[in-house]
Amino acid sequence: MISKPRGRKKVESPIRSNVAELIQMGVSSGDWNAVRRYMKSHASVIPLLPDVCQRVRGEFGSETELALDEYRDPEIDDRYLILSLRLPNYELDTMDRIERVNQTIENRIKPNTAYLLVTTDFQQARSNNCV
């Protein structure tokens, strides 16, 4: 006799729930699949991402536009996550403030396990993409 599986609960993966949380926080991505693949290979970054996004918004305000993508170095086989922020206005100390956020990240990622860079391209935030 063949028995049918009884109502197994589908367990949501940490990656799927993390990405859903980031999207709910207003974070965008040009390629969520690439971000998911990076997270799968570098699990230590998964619990860090929502906190980093909150820290960035705490430092720069709720109008900060955030985009999370995988950076691929064109010259060598190097990949890492990059969280780009765009602000309505940039001040002289913007890069210093970004560096403060980066310093809080460095201590939380084990060496050689993953890398996350918070930076900006100095473009102005579009109000419809902000939280």
Side-chain angles (χ1 to χ4, degrees):
M1 175 182 240
I2 299 174
S3 62
K4 294 182 181 179
R6 295 186 183 192
R8 288 190 228 171
K9 289 185 178 180
K10 186 176 179 182
V11 177
E12 191 168 321
S13 79
I15 294 171
R16 181 172 287 158
S17 61
N18 189 270
V19 168
E21 182 179 1
L22 293 170
I23 291 170
Q24 187 175 23
M25 294 173 71
V27 178
S28 65
S29 178
D31 188 354
W32 281 114
N33 288 328
V35 171
R36 284 183 190 97
R37 282 190 303 271
Y38 187 89
M39 293 165 89
K40 186 176 180 180
S41 297
H42 303 86
S44 64
V45 79
I46 296 171
L48 181 67
L49 292 170
D51 182 52
V52 170
C53 293
Q54 289 174 343
R55 286 178 187 264
V56 169
R57 291 242 168 84
E59 178 72 35
F60 292 97
S62 63
E63 288 132 15
T64 304
E65 181 181 305
L66 298 175
L68 181 65
D69 288 292
E70 180 189 54
Y71 175 78
R72 295 179 184 180
D73 191 309
E75 296 178 5
I76 61 172
D77 186 23
D78 188 23
R79 298 172 186 214
Y80 55 88
L81 290 182
I82 184 167
L83 181 65
S84 300
L85 60 99
R86 290 185 174 167
L87 304 170
N89 299 302
Y90 291 88
E91 303 296 328
L92 292 175
D93 66 343
T94 298
M95 290 308 296
D96 292 333
R97 294 169 66 195
I98 290 173
E99 184 56 31
R100 279 197 299 266
V101 174
N102 276 317
Q103 287 174 352
T104 65
I105 298 167
E106 289 175 4
N107 298 332
R108 297 181 59 197
I109 297 177
K110 294 177 185 174
N112 302 319
T113 60
Y115 189 70
L116 171 64
L117 175 66
V118 178
T119 192
T120 184
D121 58 9
F122 289 103
Q123 293 188 32
Q124 194 168 26
R126 297 165 289 204
S127 61
N128 62 344
N129 287 343
C130 301
V131 173

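Remember, it's a predicted structure, so these values are computed and weren't measured experimentally.
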Closest non-hydrogen atom pair between Asn102 and Leu116, with its separation: OD1-O, 4.2 Å
Any residue meeting side-chain contact (heavy atoms from CB on, under 4.5 Å) with Ile23, in chain and number order, not counting sequence neighbours: Val19, Trp32
Ile98 and Leu85: CA distance, side-chain angles, deciding distance, side chain to side chain contact (heavy atoms under 4.5 Å, CB included) verdict: CA-CA 9 Å; Ile98 290 173; Leu85 60 99; 4.0 Å; yes
pair Leu117-Leu83: side-chain heavy atoms closer than 4.5 Å: no
Under 3.5 Å donor-acceptor, Thr64 side chain and Leu87 backbone: no
Check: Asp69 side chain, Ser29 main-chain N or O, donor-acceptor pair, under 3.5 Å: no
Aromatic Phe60 / basic Arg97 pairing, under 6.0 angstrom, 45° off normal: yes
Smallest separation among heavy atoms of Cys53 and Val27, with atom names: SG-CG2, 3.7 Å
Heavy-atom pair of closest approach, residues Ala43 and Pro47: O-CD, 3.6 Å
Any Arg55 side-chain heavy atom under 4.5 Å of Glu59 side chain: no
Salt bridge (charged side-chain N to carboxylate O under 4.0 Å, His left out) against Arg37, all qualifying residues, sequence neighbours excluded: none
Side chain proximity check, Pro50 to Asn18, heavy atoms < 4.5 angstrom: yes
Asp31 side chain to Ala34 backbone, donor-acceptor under 3.5 Å: yes
Non-hydrogen side-chain atoms of Met39 and Leu49 separated by less than 4.5 Å: yes
Side-chain heavy-atom pair Arg36, Arg16 within 4.5 angstrom cut-off: no
Nearest non-hydrogen partners of Pro88 and Ala125, listed with the distance: N-CB, 4.0 Å
Main-chain N/O of Asp78 paired with Arg72 side-chain donor or acceptor, under 3.5 Å: no
Thr104 side, atom OG1; Glu99 side, atom CD - distance, nearest 0.5 Å: 10.0 Å
Verdict with supporting geometry, Arg86 and Asp121, salt bridge (Lys or Arg N to Asp or Glu O under 4.0 Å): CA-CA 7 Å; Arg86 290 185 174 167; Asp121 58 9; 2.6 Å; yes
Side-chain touch Arg57/Leu66, heavy atoms, less than 4.5 angstrom: yes
Heavy-atom side-chain proximity of Tyr38 to Tyr71 below 4.5 angstrom: no
Side chains of Lys40 and Ile15 in contact at under 4.5 Å (non-hydrogen atoms): yes
Whether Phe122 and Tyr90 hold their rings parallel, tilted or perpendicular, with breakpoints at 30° and 60°: tilted
Atom pair OG/CD of Ser84 and Gln123 - distance to nearest 0.5 Å: 9.5 Å
Sequence-distant partners of Gln124, side-chain contact (heavy atoms from CB on, under 4.5 Å), two or more places apart: Asn89
